[in-house]
Amino acid sequence: MQIPEGLRYTENHEWVQVQDDGSVRVGITDFAQDALGDVVFVDLPDVGAEVTAGEAFAEIESTKSVADVYAPISGTITAANEVLVDAPETINSDPYAAAWFVVISGDASGVEALMDPAAYEAFSE
Amino acid sequence: MPDTPLRSDHEALGARFTDFGGWEMPLQYKGVIAEHMAVRQSVGVFDVTHLGRFRLTGVGATAAIRKELCNDIDKIKPGRAQYTMALNETGGVVDDIIIWRFAEDEYWVMPNGVNFDELLGRFAAAPGVEAAPVRSDTVLLAVQGPDSAEVLDNAIGIVPGRFRVATGEFADGPMWVSGTGYTGERGAEIAVPNENGSQLLASLLEVGAVPAGLGSRDTLRLEMGYPLWGQDLDEQTSPLEAGLSWVVDWDHEFVGRDALAAQRSAGLSKQLVAFRTADRRPPRHGYPLRSGDSVGEVASGNFSPVLEVGIGMGYVTPPIDNDANLELEVRGNWQAVELVDPPFLDR
């Protein structure tokens with residue numbers, strides 16, 4: 001199970017990366033993609049949409065089940081990864097890099113308090 | 001929970017397991033879609049040891065099958081297989097079944113795992129019949145795919161035609177083979193005694209079969225529009241409602257015939273529809289369907305790896321206007337879907 005350094009992790013098995021401009025990039029973890037199995041569909045929010053911390057902003061469907069993705073912070077969607085629409089399997093093959101979901105611009109001060117890699121590793125065991 | 005005798009073989013191949021009718025069986029190895037495409041494009045091997053099977057012999061065997069099951073076993077000769085069903089007195093499907101007819105009075109009856117005991121009991125009570133369970137003594141593997149003939153020839157030396165059965169020898173033990181499966185591809189189901197199961201699996205893998213789990217078996221059968229008992233068929237659903245009237249032979253007496261005949265003349269209260277969606281999102285069991293005044297819900301649905309759209313089957317109230325739009329509700333939103341006359345793929 002890969003858990004890269006330099007990211008923060010949520011209890012919903014999402015990773016969060018604070019970017020240089022203060023916005024955050026969000027995706028799902030290796031653990032989450034592995035539990036879902038083959039991902040076949042992703043529903044992403046439009047750029048400009050407002051999201052609220054703790055509320056679902058995207059849906060993922062695999063051959064097995066459907067899952068929500070929750071916003072780690074409140075803010076505005078400034079980018080959505082369209083690659084995932086045509087190639088949702090990217091989430092299985094490269095969850096931490098090519099398969100980022102969205103970039104959210106907002107108050108990222110709470111991100112530091114999320115789990116670090118060691119804490120997430122313990123959490124996901 | 002019973003296990004396939006090949007559990008350690010599957011673990012070595014990286015399998016994940018899940019519960020199928022009380023049996024721990026491989027769900028997937030590398031991934032459902034990769035295994036699905038291997039079966040469509042080359043050849044895969046499934047462990048289906050959990051499927052029910054018992055041997056039926058004796059002078060009363062043929063009469064018992066004719067009475068208990070709605071297709072007519074006398075329509076096939078020894079050496080062939082038949083798809084049929086056990087019904088209840090109200091015409092509902094107790095189970096769908098494949099029968100392998102090895103000789104005039106020698107059969108293997110293969111129901112789903114779930115209703116195995118009930119069906120075995122029905123047959124064991126029939127006069128002149130010996131019913132012997134063979135599931136716990138044998139491993140059952142299914143080899144499926146366009147390249148299956150070469151794999152079968154190399155591994156077991158028998159390549160059965162569609163719905164043909166044969167016996168042979170493997171590893172100095174008996175072997176039972178049938179040109180059946182549940183994927184729409186050519187291939188065979190092969191039974192051998194438990195102690196030869198590992199060797200059979202190894203022989204098939206060695207000549208090119210790809211291990212495939214029951215996850216892909218489900219998406220493969222759905223692409224062919226084959227029903228799954230417990231989702232598309234149950235004791236409240238008749239073969240007529242399920243669009244499977246071809247399985248019913250009206251020219252003989254069988255359990256449930258009167259109720260079916262009454263249903264045929266009175267009209268159906270629900271009927272099966274098959275559909276494909278406009279995008280990749282999988283329809284799922286229980287999602288609502290509507291078409292004008294006709295309403296219902298999805299029985300089976302998933303993503304089709306070949307078509308790359310959602311596909312599903314469900315039941316709605318008749319009459320269905322074939323020109324009207326069928327609509328599917330996905331998490332609160334109604335969307336138009338396209339009615340399809342199954343199978344979804346030509347095979």
Side-chain angles (χ1 to χ4, degrees), chain A residues 1-2 12-13 27-46 49-52 54-71 80-96 98-102 124-125, chain B residues 14-20 26-40 212-223 228 231 276-287 298 300-312 328-333 335 337:
Chain A
M1 203 65 61
Q2 293 179 49
N12 296 313
H13 300 283
I28 69 166
T29 65
D30 194 25
F31 179 94
Q33 71 78 20
D34 188 65
L36 277 166
D38 287 349
V39 176
V40 296
F41 176 87
V42 178
D43 188 28
L44 294 173
D46 294 331
E50 299 290 323
V51 298
T52 304
E55 293 188 3
F57 73 84
E59 291 169 358
I60 318 172
E61 302 244 11
S62 74
T63 55
K64 276 197 293 201
S65 61
V66 55
D68 286 316
V69 186
Y70 297 91
N81 187 1
E82 294 300 326
V83 167
L84 303 185
V85 175
D86 291 327
E89 64 275 13
T90 311
I91 294 165
N92 296 113
S93 59
D94 194 6
Y96 293 111
W100 60 275
F101 277 54
V102 293
S124 57
E125 265 172 13
Chain B
R16 283 180 200 201
F17 293 83
T18 193
D19 172 15
F20 276 82
L27 175 68
Q28 65 167 65
Y29 303 82
K30 292 226 158 53
V32 169
I33 293 177
E35 291 158 29
H36 182 112
M37 296 311 288
V39 171
R40 286 279 178 252
L214 298 180
S216 60
R217 192 165 178 267
D218 190 52
T219 51
L220 287 157
R221 69 94 192 166
L222 184 62
E223 281 185 339
L228 172 63
Q231 282 193 26
R276 56 184 282 169
T277 66
D279 64 19
R280 299 173 57 101
R281 187 165 202 149
R284 299 196 188 273
H285 181 80
Y287 281 11
V298 175
S300 282
N302 211 324
F303 173 75
S304 162
V306 171
L307 301 173
E308 297 189 323
V309 293
I311 57 173
L328 170 74
E329 188 183 0
V330 180
R331 303 192 99 192
N333 298 311
Q335 61 185 70
V337 296

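- Ranked by heavy-atom pairs under 4.5 Å with chain B, the first of A/S65, A/P88, A/G37, A/S62 is A/S65.
- Using a 4.5 Å heavy-atom threshold, the side chains of B/I311 and B/F303 count as separate.
- The shortest side-chain heavy-atom distance between B/V330 and B/T277 does not fall under the 4.5 Å cut-off.
- Using cut-offs of 30° and 60° for the angle between ring planes, the A/H13 and A/F31 rings count as parallel.
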Could you go step by step and tell me if A/E61 and A/D43 meet the side-chain contact (heavy atoms from CB on, under 4.5 Å) rule? CA-CA 9 Å; A/E61 302 244 11; A/D43 188 28; over 6 Å; no

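- Neither the backbone nor the side chain of B/D218 comes within contact range of chain A; no heavy atom of the residue lies under 4.5 Å from a heavy atom of that chain.
- The heavy-atom pair separating B/S300 from B/R221 by the smallest distance is OG-NH2, 2.8 Å.
- Ranked by non-hydrogen atom pairs under 4.5 Å with chain A, the options B/R281, B/R16, B/E308, B/R280 are led by B/R281.
- If you measure heavy-atom distances from A/V85 to chain B, the contacts under 4.5 Å come from the backbone alone.
- Of the atoms belonging to A/N92, not a single heavy atom falls under 4.5 Å from chain B.
- Looking at A/D34, the atoms closer than 4.5 Å to chain B (heavy atoms on both sides) sit in the backbone and in the side chain alike.
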